[in-house]
Enquirer: 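Take a look at the following structure, please.
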Amino acid sequence: MRLILMGPPGAGKGTQARFVAEHFGIPAISTGDIFRANVSQGTPLGVEAKRFMDAGEYVPDEVTNLMVRNRIDEADASPGFLLDGYPRTLAQVTELDGMIGFTGHQLDAVVVLTVDPEELVQRLLQRAQTDGRADDTEDVIRRRQEVYAEQTEPLIGVYRERGILVEVDGMGEVDEVTTRIFDALDVVPQS
Ligand code: AP5
């Protein structure tokens, strides 16, 4: 399976990615997690990414695309993968099409989690108290939401037109959402 998990900040992408990846026996690849690992290790990529992340902006496409290309070239991703948080721009969509097309495979489904805006803010403010993520301040959360609406929401239409969009209600308990995702994906033919 080659899957994308999309949704606004706080929709539950990271939470659900683990369960979905395990279910299909594929790696969950989170661009946010890879950036954060680089930030905490102080690598050049982390130094570059940090200033964008802390401001709630997207890391430039060239940097992000190269990072994903290298990651999906790794052996564990050859049977398939779940991308959490990539692509987020139209340029990233084009780049991903090239990466997957080059291997002769295709994207099987794009899952979009939908959650009420108020619930999103509550989840992230709550996480701010427990995890202390640098970008979970109220101002930066707002900016992340704006950037998502401007740059990533249009991707939903792109994948809908391709007939591979799967919209899933992301409200409710974590395990209820997981069940909805499994039910929706279990009818998708695996490539
Ligand atoms: P990223 O880490 O992907 O952040 P995000 O998209 O803002 O998403 P979050 O991680 O905040 O939320 P989520 O949807 O994963 O929800 P989660 O499961 O964590 O990216 C961070 C930054 O990296 C970006 O802003 C950008 O700078 C950069 N970046 C990443 N990808 C990029 C790209 N492709 N291009 C350019 N830049 C990129 O859940 C949130 C909280 O809610 C948690 O506390 C969780 O426990 C809780 N929760 C989850 N589900 C439920 C539920 N059902 N009920 C109650 N609480 C729940």
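Atoms within a ligand are numbered from 1 in the order they appear, just like the ligands themselves.
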Enquirer: Contact between D84 and T31 at the side-chain level, heavy atoms closer than 4.5 Å - yes or no?
Expert: no
Enquirer: Taking only heavy atoms of E57 into account, list the atoms of ligand 1 that are under 4.0 Å away from them.
Expert: 26 (C), 27 (O)
Enquirer: Looking only at distances, please establish whether an N/O atom of ligand 1 is found under 3.5 Å from an N/O atom of A11.
Expert: yes
Enquirer: Which Ile, Leu, Val, Met, Phe, Trp or Tyr residues join L113 in one cluster when any pair of side-chain heavy atoms under 4.5 Å counts as a link?
Expert: M1, L3, L5, F19, V20, F24, I26, L82, V111, V166, V168, V174, V177, I181, F182, L185, V188
Enquirer: Is A55 close enough to touch ligand 1? Criterion: a residue heavy atom under 4.0 Å from a ligand atom.
Expert: no
Enquirer: Near T64, which atoms of ligand 1 are under 4.0 Å from a heavy atom of that residue?
Expert: 33 (C), 34 (N), 35 (N), 36 (C)
Enquirer: Could you see which bit of V174 sits under 4.0 Å from ligand 1, with heavy atoms only: side chain, backbone, both or neither?
Expert: both
Enquirer: Report yes or no: does A17 have a heavy atom closer than 4.0 Å to ligand 1?
Expert: no
Enquirer: Show which atoms of ligand 1 fall inside a sub-4.0 Å distance from at least one heavy-atom site of L124.
Expert: 11 (O)
Enquirer: Please check if atom CG in D183 has more than 12 non-hydrogen atoms from other residues, nucleotides or ligands closer than 6.0 Å.
Expert: yes
Enquirer: Is there any N or O on G172 that sits under 3.5 Å from an N or O of ligand 1?
Expert: yes
Enquirer: Check whether any N or O atom of G14, backbone or side chain, sits under 3.5 Å from an N or O atom of ligand 1, and answer yes or no.
Expert: yes
Enquirer: Record the part of E176 in heavy-atom contact with ligand 1 below 4.0 Å; permitted values are side chain, backbone, both and neither.
Expert: neither
Enquirer: Carefully, step by step, assess D131 and R133 under the rule salt bridge (charged side-chain N to carboxylate O under 4.0 Å, His left out).
Expert: CA-CA 6 Å; D131 295 18; R133 230 174 87 167; over 6 Å; no
Enquirer: Quick one: does P87 get an N or O within less than 3.5 Å of an N or O on ligand 1?
Expert: no
Enquirer: Test your reading of the structure: does R127 have an N or O sitting under 3.5 Å from an N or O of ligand 1?
Expert: yes
Enquirer: With heavy-atom distances below 4.0 Å as the criterion, list the atoms of ligand 1 near Q92.
Expert: 33 (C), 34 (N), 35 (N), 36 (C)
Enquirer: Please work out, at 4.0 Å between heavy atoms, whether the side chain, the backbone, both, or neither of Y58 comes within that distance of ligand 1.
Expert: both
Enquirer: Check this for me - ligand 1, R36, N or O atoms closer than 3.5 angstrom, yes or no?
Expert: yes
Enquirer: Taking only heavy atoms of P8 into account, list the atoms of ligand 1 that are under 4.0 Å away from them.
Expert: 14 (O)
Enquirer: Could you tell me whether the side chain of T94 and the main chain of L90 form a donor-acceptor pair under 3.5 Å?
Expert: yes
Enquirer: Under 3.5 Å, is there a donor-acceptor pair between the side chain of R160 and the main chain of L165?
Expert: no
Enquirer: Compare R144, R88, M53, M6 and give the one whose heavy atom is closest to atom 20 (O) of ligand 1.
Expert: R88
Enquirer: Are any of the N/O atoms on D84, whether in the backbone or the side chain, positioned under 3.5 angstrom from an N/O atom of ligand 1?
Expert: no
Enquirer: For G10, state whether at least one heavy atom is located under 4.0 Å from any atom of ligand 1.
Expert: yes
Enquirer: Below 3.5 angstrom, do we get any N/O pair linking Y86 and ligand 1?
Expert: no
Enquirer: For ligand 1, which is the ligand I care about here, please tell me if G12 has any N or O atom under 3.5 Å from one of the ligand's N or O atoms.
Expert: yes
Enquirer: Relative to the heavy atoms of T31, which atoms of ligand 1 are at a distance of less than 4.0 Å?
Expert: 30 (C), 31 (N), 32 (C), 34 (N)
Enquirer: For atom 52 (C) of ligand 1, which candidate among K13, R18, R123 holds the nearest heavy atom?
Expert: R123
Enquirer: Give the atoms of ligand 1, by number and element, whose distance to some non-hydrogen atom of G32 is under 4.0 Å.
Expert: 1 (P), 2 (O), 20 (O), 30 (C)
Enquirer: Answer with side chain, backbone, both or neither: which part of R133 has a heavy atom less than 4.0 angstrom from an atom of ligand 1?
Expert: side chain
Enquirer: Hey, which of V68, D76, I72 is the one that makes side chain to side chain contact (heavy atoms under 4.5 Å, CB included) with I29?
Expert: I72
Enquirer: For residues 9-35, pull every pair meeting salt bridge (charged side-chain N to carboxylate O under 4.0 Å, His left out), keeping only residues two or more places apart or in separate chains.
Expert: D33-R36
